[in-house]
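Here the structure comes first, spelled out in structure tokens, and everything after it is commentary.
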Amino acid sequence: DGGITQSPKYLFRKEGQNVTLSCEQNLNHDAMYWYRQDPGQGLRLIYYSQIVNDFQKGDIAEGYSVSREKKESFPLTVTSAQKNPTAFYLCASSPPGHRDYGYTFGSGTRLTVV
Amino acid sequence: DAKTTQPPSMDCAEGRAANLPCNHSTISGNEYVYWYRQIHSQGPQYIIHGLKNNETNEMASLIITEDRKSSTLILPHATLRDTAVYYCIVRAYNAGNNRKLIWGLGTSLAVNP
């Protein structure tokens, strides 16, 4: 079945460390997105990519970096510059123009700084 | 993209219809209404979307008022597994600037036995 796979499901990081969250999709979608969700809040866009080798900052890109070397993959690196990285991170993808089904989301990665 | 207003929480008895309202009074003519739901600690799931006409699929029905300033998501026979946060979002189709997709706090629906 097609879908989006995020790994790991849970991730613990020491302060000052960079960590990379994986996001892989086999839906042949062009666009991919990273969102952050904090308790009791809506999703906030970190980065998005509409084609390979191109990506744009979202509303809260500071302290994060991404790459899009392959259509299927859009990893997110949470750097030590991110002051409050503990959150639930969601990856999504969509076909061109969003067609009929909008975004497809992964199951998320919960990052905790210890 | 237009912002939306939803009640923070609602209750529904199992087996009854759940009607979730959404106000989007500043919606533009080319903006679609999308509904997603998020079960605790999972990624949001697409439910349905529409522009002007009412829509129905295997999960739900979407009723959009004639002036398009509000809509209602209907789950015809709610089950315990429908307990989730439901998000109403309006966005332009084929919009190039995805930065303006705004996710609110949604409606937390509790389906009770």
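Remember, it's a predicted structure, so these values are computed and weren't measured experimentally. Here is the naming used below: chain letters follow the sequence lines, and residue numbers restart at 1 for every chain.
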Query raised in the report: In terms of heavy-atom proximity below 4.5 Å to chain A, should B:Ser41 be classed as side chain, backbone, both, or neither?
Result: both

Query raised in the report: For the residue pair B:Pro44 and A:Leu43, what are the closest heavy atoms and their distance?
Result: CG-CD2, 4.0 Å

Query raised in the report: Is a donor on one side and an acceptor on the other found under 3.5 Å between the side chain of A:Tyr103 and the backbone of B:Tyr36?
Result: no

Query raised in the report: What closest approach, in Å, do A:Phe88 and B:Gln42 show between heavy atoms, and which atom pair accounts for it?
Result: CE2-O, 3.8 Å

Report task. Locate the shortest heavy-atom distance separating B:Gln38 from A:Leu90; write the atom from each residue and the value. Result -> NE2-CD1, 3.9 Å

Report task. Give, as side chain, backbone, both or neither, the part of B:Gln45 having an atom under 4.5 angstrom from any heavy atom of chain A. Result -> neither

Report summary line: So, the part of A:Gln6 with a heavy atom under 4.5 Å from chain B: the answer is neither

Query raised in the report: Taking atom CD of A:Gln41 as the centre, does the number of heavy atoms from other residues, nucleotides or ligands within less than 6.0 Å exceed 12?
Result: yes

Query raised in the report: Would B:Leu80 end up clustered with B:Leu75 when hydrophobic side chains under 4.5 Å apart are linked, directly or stepwise?
Result: yes

Query raised in the report: Would B:Trp103 and A:Tyr33 count as a close aromatic pair, with their ring centres under 6.0 Å?
Result: no

Query raised in the report: Cluster question for you: counting only ILVMFWY and a side-chain heavy-atom cut-off of under 4.5 Å, with indirect links fine, are A:Val19 and A:Val66 together?
Result: yes

Query raised in the report: Do A:Tyr48 and A:Leu76 share a hydrophobic cluster (ILVMFWY, side-chain heavy atoms under 4.5 Å, transitive)?
Result: no

Query raised in the report: According to a 4.5 Å side-chain heavy-atom criterion applied to Ile, Leu, Val, Met, Phe, Trp and Tyr, with indirect links allowed, do A:Tyr35 and A:Val78 form part of one hydrophobic cluster?
Result: no

Query raised in the report: Among the clusters formed by ILVMFWY side chains lying less than 4.5 Å apart, do B:Ile64 and B:Ile47 turn up in the same one?
Result: yes

Query raised in the report: Do you know which of A:Ser107, A:Ala92, A:Cys91 has the most heavy-atom pairs with chain B at a distance under 4.5 angstrom?
Result: A:Ser107

Query raised in the report: Checking A:Arg110 against chain B: side chain, backbone, both or neither under 4.5 Å from a heavy atom?
Result: side chain

